[in-house]
Amino acid sequence: MTDTLPDSYRPDQVEAKWRARWAERGTNQPDLDRAARPFYNLMMFPYPSAEGLHVGNMFAFTGSDVYGRFKRLQGYDVFEPIGYDAFGIHSENYAIKVGLHPAELIPRNIANFRRQLERVGGMFDWSHTLSTTDPAYYKWTQWIFLQLLKAGKAYKKKAAVNWCPFDKTVLANEQVVDGKCERCGTAVEQRDLEQWFFRITEYCDRLLANLDTLDWSDTTRTAQRNWLGRSEGAEISFEVVGSRAGGQAGQPLNRPTDCPPITVFTTRPDTLFGATFMVLAPEHPLVAQLTAPAQAIGVRAYIEAAASKDLVARKVGDREKTGIALGATAINPVTGREIPVWIADYVLMEYGTGAIMAVPAHDERDFEFARKYGLEILRVLAPDSRTISPVSSVLSAAETETDGYVLVNSGRFDGFSADAAKRSITAELAAKGQGKPVVQFRLHDWCISRQRYWGPPIPVIYCDACGPVPVPEKDLPVILPPIEDFRPDDSGISPLARHEEWYFVPCPTCGKRSRRETDVSDTFLDSAWYYLRYPSSEFDDVPFDPARTRKWCPVTTYIGGNEHAVLHLLYSRFLAMVLKDLGHIDFEEPFTRFRAHGLIVKDGSKMSKSRGNVVIPDEYIAQWGADTFRLYLMFLGPFQEGGDFRDAGISGPRRFLERVWLMVNEVEEGGELHKPLVVRWHATKKKAAEDIEALHYNTAIASLMELVNAMKEAGSRDRSIVADLVVMLAPFAPHFAEECWERLGHTTSVSDAHWPAWDERLVVSDEIEMPVQIGGKTRGRIQLARGSDEATAVALAQAEVGVKRFLDGKTIRKVIFVQDRLLNLVVD
RNA sequence: GCGACCGUGGCGGAAUUGGUAUACGCGCCAGACUUAGGAUCUGGUCCCGCAAGGGGUGUCGGUUCGAGUCCGACCGGUCGCACCA
């Protein structure tokens, strides 16, 4: 056990020694049941790719680890787990590409990840690791699905989905970028499939309201707010005229029919007088009834063309608007005028009611459409009601900047402000039963179905007699069968359906031969609850033990990438709310504090395989050691902003460690310390602590370097200072600090030391060198006692050389004195 | 298009409430020690100028005794979202 290392700093030996000791001693395993001050330090678990951890992962994990180690030095019982988000399309596609089975690849990748994670010195509790692909884990993912199903929060419906013909699977809207599959770049189509959904939209209000209570970075909260997309407005009903009920031919136009009114959602009920036509989404259920016979052929062709596009292509904003009139008219409820009804694919069935009232004068899209098809444009907002002629003014573009405008061409509402008109018009419509105030969200229900292999099977059985039957909890997990032919085909049926022994099962209710659900669930479901599993990972009879969960959850601090600011974090929040409502947990916000880290770039551009600038950390760690590598990553830029990885920079942190190493090995006892060094010492203890708490690791490290520089300058290797330095370095360079700590005579781990206390009276010196400015320009300096207010007198008496000549022939008009900061003499 | 953020030496980056611009590190220059150094140590390093001094934080303007910091306009960049009615 007394591994004697040479006097020169040999990172490879030091790090190997301490890795072994930590494992032997269980240094990084808090007692989860008895911890007095639990601190759950979570980082986003990685997808275990075949390439191994890249520098970006290392940066993120190290930054989180530094924070966890710091909290431990502050006396917390820090639980810092790590695991693997190993299910999902990414693994499956890679497996297909290299012709191996994911079940074979993933364990191999995980082993490699673990080796790297240990090598870099993370304070991970390996006794509580997990992989989402482990049946002991996904058993509970399936259990969660069943709880939602039981509670009516999961449902199945046929829905238009994005279909990637290459990956042969459904994609979430978020996975489609510019009409293309985010993974493979193939153009996405639209298909109708039966899908499982979670009712996240029921939680919109809570998801939004709680944001104000969270200690999260503003950018992340803003992103979530935008994603939820709350807007206030009104639903308005338009009676239909001149349509043909049931699409039958031969009835005269222009007479009321039994067609129900068209309901639209608008945020601008104040512009209702300017609604000169209506537009429905091509999929709108009333389209068939509203289509006049003369238009039937054209309308059908238009609908088919729209359906052949993917859902995202429909949403690309700069596309030219197209549409077709249905040959029906509706009645504007406030003007009584008949306005034509059109369909156009710029109106989306998924938002609002799938129908809009078009106000071309004040909406760019409607304006463009009206221009193209020669529809009436009627201005209803103007700077002043008297300056605008009552007839429609000619506009060259939609007038959308209408702050402070008032209504015109709006009958009895002329002169109303937009806000007043919104209220009044909505109220009037409501009184007539033709409208009501409505709040809309942009968020849709969460589609969790994936027609894929590599995921947890959704635990449902379809029986011809009993219908869909949930798999009984005692039968969980529904094991993902180890089939060889896991490739998806374009049938839209999961590969699992081809596996007959698995596919056909007796109905749990009646025992008849039935079929399993063959869709697997979204990877985001795996990751939406993993934080609950870590503290309880050794329990196999419950997903999360109540006592453990109460002690450790919610997560104290969560650090991760902003790319998950919306989906992962939103889904996790939603699931926590559901689990709380169902009585499984007693909190509804899973992550008390969230911070997003920055991105590491290489030579100014994002690292990517295609650019060929991906940095493999292993080589750097081998050459420089994990401690130097960690220190460098944390020093190269602000953690929350990321930075540029450049080879040259890494030698600085290494030299710094070498210097500290020398000090430790030549440490001196006792001796008197010069005041400036004492001040620097105490100031560093304070500043480094504050900086680490704020995740300003780069400046924390800089302050430690300054302390070392000050010691060198003073020729001091004082034992107390060196010991404090070692402790403060421990979060960044843990193996190094352990070795130094031992050499200083300690037998316990440096991670069980305490962050050095500072004396608040000693963090600033009592002598100040104060700048003296004349007219705002620094002309000299004076020595002054802290707290002194005699700067002016001192400056005039003491600073002849530097200051006086600037005062010759001038009058001092004003004296600006900021205590302990500066003196500014304003002259004429 | 909308939203958020950001422009500081040769480079990565520091700068409490507006208060000595460029901390810390890299690189570079000079010197020392060396058979040697791409090791180590010492000193220097925003620009112009011998100096006194002057200029300087993307550009232009404003507020202020004082602006990297606040306000307005513009230029450039990064990241989200994107026909959301």
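Quick note on labels: first sequence line is chain A, next is B, and so on, each numbered from 1.
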Mate of B:G25 where both pairing distances stay under 3.5 Å, Watson-Crick or G-U = B:C11

Note, A:S231 side chain near A:Y351 side chain (heavy atom, < 4.5 Å) | yes

Using a heavy-atom cut-off of under 4.0 Å over every strand shown, decide if A:S703 touches base, sugar-phosphate, or nothing.
-> nothing

In Watson-Crick or G-U wobble terms, with both distances under 3.5 Å, the base opposite B:U69 is none

From CG of A:L704 across to P of B:A23 the rounded distance in Å is 18 Å

Would A:Y9 and A:F736 satisfy ring pair (Phe, Tyr, Trp, His ring centres under 6.0 Å), going step by step from the backbone distance to the final call?
-> CA-CA 9 Å; A:Y9 174 44; A:F736 175 90; 5.2 Å; yes

Looking at B:G27, B:G19, B:C24, which one has an atom nearest to any side-chain atom of A:N709?
-> B:C24

Considering only the C1' atoms, how many Å lie between B:C71 and B:G80, rounded to the nearest integer?
-> 27 Å

Would you confirm whether the ring centroid of A:Y632 sits within less than 6.0 angstrom of the ring centroid of A:W624?
-> no

Can you tell me how far C1' of B:A15 sits from CD of A:E641, to the nearest Å?
-> 14 Å

Give the rounded distance in Å between these two atoms: NZ of A:K321 and P of B:A85.
-> 14 Å

Where the side chain of A:T219 is concerned, which of B:C41, B:A4, B:C65 is the nearest nucleotide?
-> B:A4

Nearest of B:A85, B:G19, B:A82 to any side-chain atom of A:N824?
-> B:G19

How many Å lie between CD on A:E235 and P on B:A85, as a whole number?
-> 14 Å

Given side chains that start at C-beta, do those of A:V334 and A:Q434 come closer than 4.5 Å, heavy atoms only?
-> no

Nearest-Å distance, CZ (A:R654) to C1' (B:G27)?
-> 19 Å

Length of the line joining A:I816:CD1 and B:A67:P, which is rounded to integer Å = 12 Å

Measure the distance from CZ on A:R221 to P on B:C5 and round it to the nearest whole Å.
-> 13 Å

For RNA chain B, the residues among residues 629-636 of chain A that have a non-hydrogen atom under 4.0 Å from it | A:F635, A:L636

Closest nucleotide among B:A14, B:G19, B:G25 to the A:P653 side chain | B:G25

Can you check the A:Q640 CD to B:C79 P distance for me, whole Å?
-> 19 Å

